[in-house]
> 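Handing you this structure, nothing more for now.
Within every chain, numbering begins at 1; the chains are lettered A, B, ... in the order of the sequence lines, protein sequences first and strands thereafter. Quick note: numbers below take in every heavy atom, side chains included, and nothing from hydrogens, waters or symmetry partners.
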Protein chains: 2
Amino acid sequence: MAHRLPDLEALELLVAVAETGSLGQAAARQGISQPSASARMSTLERRLGVRLLVRSPSGSRLTSAGLVVTDWARAVLQQAYALVEGAAALRARQHGRLRVTASLTVAEHLMPGWLVRLREVDPGVHLELNVANSTLVIERLRAGEADLGFIEGRGAPRDLHSRAVARDRLVVVVSPDHAWARKRRPLRPVELATTPLLLREAGSGTRETLEAALTPYGGVAEPVLELGATAPLRLAATSGTAPAVLSALAAADEIAAGRLVEVPSELPLDRVLRAVWPRGRELPDAALHLLRVARGSL
Amino acid sequence: MAHRLPDLEALELLVAVAETGSLGQAAARQGISQPSASARMSTLERRLGVRLLVRSPSGSRLTSAGLVVTDWARAVLQQAYALVEGAAALRARQHGRLRVTASLTVAEHLMPGWLVRLREVDPGVHLELNVANSTLVIERLRAGEADLGFIEGRGAPRDLHSRAVARDRLVVVVSPDHAWARKRRPLRPVELATTPLLLREAGSGTRETLEAALTPYGGVAEPVLELGATAPLRLAATSGTAPAVLSALAAADEIAAGRLVEVPSELPLDRVLRAVWPRGRELPDAALHLLRVARGSL
DNA sequence: GGTGAGCCATAGGCGAACCCTATGACCTCC
DNA sequence: GGAGGTCATAGGGTTCGCCTATGGCTCACC
């Protein structure tokens, strides 16, 4: 068992074989020779320990196992393409035509998908992505350092255009072992306000939304732990003893996987994610495309 | 630009660096030497064209771009792990202790996640996964060729235990260019019954559910195209001129990506995914664990 | 029934990529 | 000032993957 993880290029090849019905054609599509493709598929089958193809002199068809694996491969590749597109946008090397600044939540969870879609709509686009918190996004727009921004939480300032592009909500999550995981009645706001939580650091959009919502109930209690990013927060929540409050987008995977449980809550913690841009300036075409793609998920 | 796609092991290393704060420790966790890790990260940065780490004699921290890329990497890896677990289950080499047979929808969209979770709950489990349509699943259970099955659609036969583990619904989807994409009023059942559609083949769970629901309205019209798997159906729908009916689970990614649009419909097309197993026989522990994991997503 | 086109696998040779060990430079803390 | 931690570079060896060339096989079409 030399390598545990498969090769993304091999998965791409598998999908190509599934769609073309032939190793040779798939090889051509991938820009490699037919024997290489043959070998690659063999090693993939060997590594996974599963027979994926039925080879015949008239072509290659997927086995039933191959059919399923191909679908899983598509899911892996979709994420990988999103990563590659995202990285390309982060690469500031050649200053892109369209300069976008996004808050962390948007950049992490939505932007990669938008970029993949944008590439399909408008393949020639060059986009430069910057990640900043909501306050900084607005500053950059005012300073003319960005053409388009994405923020979360509160409304946009008067001097900027804004348009809702997606919704998010904050959820209270606990590890499946936690007592609240078996809670049936929705959490009352006071309970949330008086319980020490795992939270993002003060100043983050998530934290601000929660504090605003809990102000009528005495504000948030002293946190058990403050973390500067979503990932460690999520990790702390999975293994931790305290509840965490974080974006539904960030928690979705862990909830689906059963590592976190959402605790129903009476407190409405919805928030709108908005595109913002300077008044008076005309949005370039690429920005309009991106806006349309982003609003597609609304 | 030699390779377009990054190396999964490099992504895994990146996550390890993010969590340990040091290239050396990350290398140890991955079972490679520190210089190899250093080189791997350098090539990853070069390939993506993004600076991910700030190296210092006291450790390595992520840049802001690195933070985001790491999160994207986690998403890629999650899918990859699911694929690997799934492949391990499909590998029939040593007959597993727990023999599971699942319908295509369950196998494609839910099983990999369950397996990853199951591995965490019960690392020693050996599971053998078979994919079959709902009818065959039941046959295999009766013949004693499987310990546990998962089916979709109609209720289970009397001679089998059954338990709902998840919900799914069929959705009507069209490409964004299709006229129905701008439809505001929900589709009336008669419209659906009289429109030629893209459908799965007769006998599949999806098709049966739809036919049952449309029987009061005259049954389904002659399909434009019948396809034997979900992937080509999805593909046909994205580029096609006709609406398709498929599982919400299968369409979710494409809808999120904006390649497909869900058409609201009056017809309730919900269906329950059920675990089924023979009456009278006792379920092994591993099966109970899997059941609990599966019900977690309910 | 034969012929050609398309498919796949094997063989051989080459090149690049990767990994490991060893070493050195640097910072931090004691 | 030394010890323990960090990371980078250099050198050597091996493995892996690719490509070209070739052969066997099936199918379709004449």
Side-chain angles (χ1 to χ4, degrees), chain A residues 1-63 65-67 69-70 73 80, chain B residues 1-63 65-67 69-70 73 80:
Chain A
M1 185 90 40
H3 301 281
R4 276 172 41 250
L5 290 168
D7 190 353
L8 286 180
E9 328 238 335
L11 297 184
E12 213 172 28
L13 180 64
L14 173 63
V15 172
V17 172
E19 286 174 6
T20 60
S22 142
L23 268 175
Q25 288 179 41
R29 187 203 277 195
Q30 298 294 101
I32 62 177
S33 74
Q34 173 267 318
S36 295
S38 178
R40 271 237 263 251
M41 289 304 305
S42 294
T43 66
L44 179 62
E45 287 180 317
R46 185 165 36 79
R47 282 228 246 272
L48 294 180
V50 178
R51 205 165 167 63
L52 302 172
L53 297 181
V54 182
R55 298 146 174 88
S56 87
S58 62
S60 295
R61 298 219 69 73
L62 293 173
T63 62
L67 198 78
V69 173
T70 304
Chain B
M1 183 92 38
H3 301 282
R4 275 174 39 251
L5 290 167
D7 189 354
L8 286 180
E9 328 238 334
L11 297 184
E12 212 172 28
L13 180 64
L14 173 63
V15 172
V17 172
E19 286 173 6
T20 61
S22 142
L23 270 173
Q25 288 179 43
R29 188 205 275 196
Q30 299 293 99
I32 62 176
S33 74
Q34 173 267 317
S36 296
S38 178
R40 271 236 263 253
M41 288 304 304
S42 294
T43 65
L44 180 62
E45 287 180 318
R46 185 164 36 78
R47 281 227 246 277
L48 294 180
V50 179
R51 203 164 168 63
L52 302 171
L53 298 180
V54 183
R55 297 146 173 90
S56 87
S58 62
S60 294
R61 299 218 69 74
L62 293 173
T63 62
L67 198 79
V69 172
T70 304

> Output the distance between atom CD (B:E9) and atom CG (B:L44), rounded to the nearest 0.5 Å.
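So the CD of B:E9 and the CG of B:L44 are separated by 12.5 Å.
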> Which pairs, protein N/O on one side and nucleotides 19-27 of chain C N/O on the other, fall under 3.5 Å?
residue, atom, partner, partner atom, Å
C:dC19, OP1, B:R40, NH1, 2.3
C:dC20, OP2, B:S33, N, 3.0
C:dC20, OP2, B:S33, OG, 2.9
C:dC20, OP2, B:S36, OG, 2.5

> Tell me the interatomic distance from B:L44, atom CG, to C:dC18, atom C1', rounded to whole angstroms.
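Going from CG in B:L44 over to C1' in C:dC18 covers 15 Å.
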> Axis-to-axis angle across the helix from C:dG1-D:dC30 to C:dC30-D:dG1, five pairs an end, to 10 degrees?
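Taking five pairs per end, the axes differ by 30°.
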> What is the distance from CE of B:M41 to P of C:dC18, rounded to the nearest Å?
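So the two atoms are 14 Å apart, to the nearest Å.
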> Can you see which heavy atom on B:L13 is nearest to which on B:A27, and at what distance?
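Closest heavy-atom pair between B:L13 and B:A27: CD1-N, 4.2 Å.
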> When we call it a touch if two heavy atoms are under 4.0 Å apart, what does B:S60 touch: a base, just sugar-phosphate, or nothing?
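Sugar-phosphate: the residue B:S60, judged by heavy atoms under 4.0 Å, touches backbone atoms but no base.
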> Which nucleotide wins on minimum distance to the side chain of A:S22, given the candidates C:dC7, C:dA9, D:dA8?
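Among the listed nucleotides, the one closest to the side chain of A:S22 is C:dC7.
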> Could you give the distance from CZ (B:R55) to OG (B:S22), rounded to the nearest 0.5 Å?
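Interatomic distance, B:R55 CZ to B:S22 OG, rounded to 0.5 Å: 12.0 Å.
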> Locate the shortest heavy-atom distance separating A:R47 from A:L5; write the atom from each residue and the value.
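Smallest heavy-atom distance, with atoms named: NE-O, 4.4 Å.
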> Once you apply a heavy-atom cut-off of 4.0 Å, does A:S42 come out as touching a base, just sugar-phosphate, or nothing?
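Nothing, no heavy atom under 4.0 Å.
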> Is there a side-chain polar atom (N or O) of B:Q25 under 4.0 Å from OP1 or OP2 of D:dT6?
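Answer is yes, contact under 4.0 Å.
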> Give a yes or no on whether a salt bridge exists between B:E12 and A:R4, defined as a side-chain N under 4.0 angstrom from a carboxylate O.
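So B:E12 pairs with A:R4 through a salt bridge.
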> Side chain of A:R55, heavy atoms from C-beta onward: which of C:dA9, D:dT6, D:dG17 has the nearest atom to it?
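The listed nucleotide nearest to A:R55's side chain is C:dA9.
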> To check you understand the geometry: which heavy-atom pair defines the closest contact between A:S38 and A:L23, and what is its length?
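Nearest heavy atoms, A:S38 then A:L23: CA-CD1, 4.1 Å.
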> Taking B:Q30 for its side chain and B:A16 for its backbone only, find out whether a donor-acceptor pair lies under 3.5 Å.
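No; judged by distance alone, with no hydrogens or angles, the pair does not exist.
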> Is the backbone N or O of B:G66 less than 3.5 Å from a side-chain atom of B:T70, with the two atoms forming a donor-acceptor pair by type?
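Side chain of B:T70 to backbone of B:G66, a donor-acceptor pair under 3.5 Å: yes, one is there.
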> Between A:E45 (side chain) and A:L52 (backbone), is there a donor-acceptor pair under 3.5 Å?
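Here the side-chain-to-backbone pair exists.
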> Mind calculating the distance between CD (B:E45) and P (D:dA8) to the nearest angstrom?
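Rounded to whole Å, this separation is 9 Å.
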> For A:E9 and D:dG17, what is the distance between atoms CD and P respectively, to the nearest whole Å?
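Rounding to the nearest Å, CD of A:E9 and P of D:dG17 are 11 Å apart.
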